There are 2 protein chains.
Amino acid sequence: MKRAKKQERQDRILAELRLSAAIRIPELAESFRVSTETIRRDLEEMAEDGLILRTYGGAVVSQLGVEPGWMERDNLMVAERERIGALAAQFVRPREIVMIDAGSTTLHLARRLAVADREVTVVTNCYAVAMALGTNPRIAIHVCPGRHDPQEGGVTGTETVEFINRFHVDRAFIGASGLTLEGAHEANAAAAAVKRAMLRRAETPMLLLDHGKFDRKSFEVVCPLKDLRHLVCDRVPNGDLGTALARAKVQVHLASAVTL
Amino acid sequence: MKRAKKQERQDRILAELRLSAAIRIPELAESFRVSTETIRRDLEEMAEDGLILRTYGGAVVSQLGVEPGWMERDNLMVAERERIGALAAQFVRPREIVMIDAGSTTLHLARRLAVADREVTVVTNCYAVAMALGTNPRIAIHVCPGRHDPQEGGVTGTETVEFINRFHVDRAFIGASGLTLEGAHEANAAAAAVKRAMLRRAETPMLLLDHGKFDRKSFEVVCPLKDLRHLVCDRVPNGDLGTALARAKVQVHLASAVTL
DNA sequence: AGAATAATGTTGCCACTGCAACATAAATGT
DNA sequence: ACATTTATGTTGCAGTGGCAACATTATTCT
């Protein structure tokens, strides 16, 4: 019953971090009156859950406003997603107008796009994407209205969909929580509706996905395979999924390690 | 003429950081083929300019998305703003609909409101406010559309103003960068327009301000004193400003230390 | 209560960081 | 071209963090 000490300490570490962004181990150790080793072990755990980001001698908040929904067990695929985002960014030509969905992979895309420094216009429903792009003044960023969705770190709902429907864009980048023969899957129904809207309004729809999502189902089917004209991923989809994608004429773009 | 090396290196360090959030000195040293000491000196400079945040052995980006606008001289008044936010939250009755502006003081209000656990509906143009409120599922949060504004950590522009104009709410909480006899001042013109719109659409407009902003001018006057029917602050406005507020029939609410 | 398990503390060793002092190289101004 | 300033590299040392092994204390389960 008294097993609350560790959890509470970790919660308070998180709170501390939100206030000061970066913190060092001895400080924490002193303020909780525990040994530095205990703190080290705490940080290790929290880093594994994606709650924080370890640094040498301390930790930093692992992305403002990006709630655990994203991070679930994402920490293993960061390199893959990074590559996928980098490759996807290469498709965006100067003066294009694109939509970017909420998600960890699409966030990587946004970061790359900001560095690439092309003059583009972006419509997004995700705060983190907007903030990442915001570092580059040459990118015009329109954020959708809607109901705040903590899971997504952005907005969803009818207001969002209606807003998206007012546009017609060159390209849409969306993520998903799974990809099967039926199509793209998504756990959050409100988010699925936004993805669908973005796909519908784009000349060239593109799905960004790491291979861990292959053959994984989820609550809702966003769209059939044939609506995804392009797929950017890090491995060739194998077996049935691969043939189904070919039959649906989905172009597969591979972000292999060398593409970096 | 060749004095570009250092600047360019620092720019690229910043770009690297935006991609990976946290980075260590030896990595940077190797990728630029310079000594670790050079990198160390670079980071020191950049930290002084507030571009990055130093950690032991490396650096992290200095607050994702929240640009210097907020941080400027904020670190001194945190306690005051915290109290102001707490007092302001008490005005919100159950089932009210309120608007909350972007700003560090209004963010404190949002945090308090989330803890207070009343059933309310909020319209805001600020990501951080939305995320703070998002921890409480009983609060319905509508986020405005608009152009992403890195200074504000939210949206501004005509889309934002038009969206706000569709509503009519019980209360609006806004911040400002200064308060003088002429009224409330604001440095960011686009943000000022949003504040004006919120004030116009609210039954009860309220300005949240710490005493450091008294008698401080800024680029644009948001509105005359008489439009601010309520002022929540931490000290009694002195001299001319005090009498002018009285003449304009602005009700002043004091968040003194005991109110906590 | 007693055994099993989990959490925390302690210690020692090694690798890494920070810093200062000094050396060297590059860029700049006159 | 020369002196001056600025940027960078080098070295040594003191402080700090990481890690692993082991000891100790709480907590949980039966």
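The structure displayed is predicted, hence computed values, not measured ones. Quick note on labels: first sequence line is chain A, next is B, and so on, each numbered from 1.
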Can you identify which nucleotide, out of C/dG9, C/dT17, D/dG17, has its nearest atom closest to the A/Pro26 side chain?
D/dG17
Heavy atoms under 4.0 Å, any strand shown: does A/Arg24 hit a base, just sugar-phosphate, or nothing?
sugar-phosphate
CD of B/Glu37 versus P of C/dC16: gap in Å, rounded?
15 Å
Nearest-Å distance for atom pair CD/C1', residues A/Glu30 and D/dG17:
17 Å
Any ion pair linking B/Arg111 and B/Glu82 (charged N to carboxylate O, less than 4.0 Å)?
no
How many Å lie between CZ on B/Arg41 and P on D/dT6, as a whole number?
14 Å
Let me know, please, whether B/Ser35 or A/Gly57 comes out on the 5' side of the other along DNA chain D by nearest nucleotide.
B/Ser35
Let me know the distance between CZ of B/Phe32 and P of D/dA7, rounded to the nearest Å.
17 Å
Write down the distance between CD (B/Glu45) and P (D/dT6), rounded to a whole number of angstrom.
12 Å
Do the non-hydrogen side-chain atoms of A/Val236 and A/Val252 ever get within less than 4.5 Å of each other?
no
Calculate the interatomic distance between A/Asp42 atom CG and C/dT8 atom P; express it in whole Å.
6 Å
Hey, mind stepping through B/Phe173 and B/His108 against ring-ring contact (aromatic ring centres under 6.0 Å, His included) and telling me if it holds?
CA-CA 11 Å; B/Phe173 296 99; B/His108 278 115; over 10 Å; no
Can you measure A/Ile39 atom CD1 to C/dT8 atom P for me and round it to whole angstrom units?
9 Å
Can you give me the closest heavy-atom contact between B/Gly134 and A/Pro150, atom names plus distance?
O-CG, 3.7 Å
Check every atom of C/dG9, D/dT10, C/dT17 against the side chain of A/Tyr56 and return the nucleotide holding the closest atom.
C/dT17
Out of C/dT17, C/dG9, D/dG9, whichever nucleotide has its closest atom nearest the side chain of B/Thr38:
D/dG9
Check whether any side-chain heavy atom of A/Val34 lies under 4.5 Å from a side-chain heavy atom of A/Asp42, and answer yes or no.
no
Candidates D/dT8, C/dG9, D/dC19 - which lies nearest the side chain of B/Arg9:
D/dT8
How long is the line joining CD of B/Gln7 and P of D/dT8, in whole Å?
11 Å
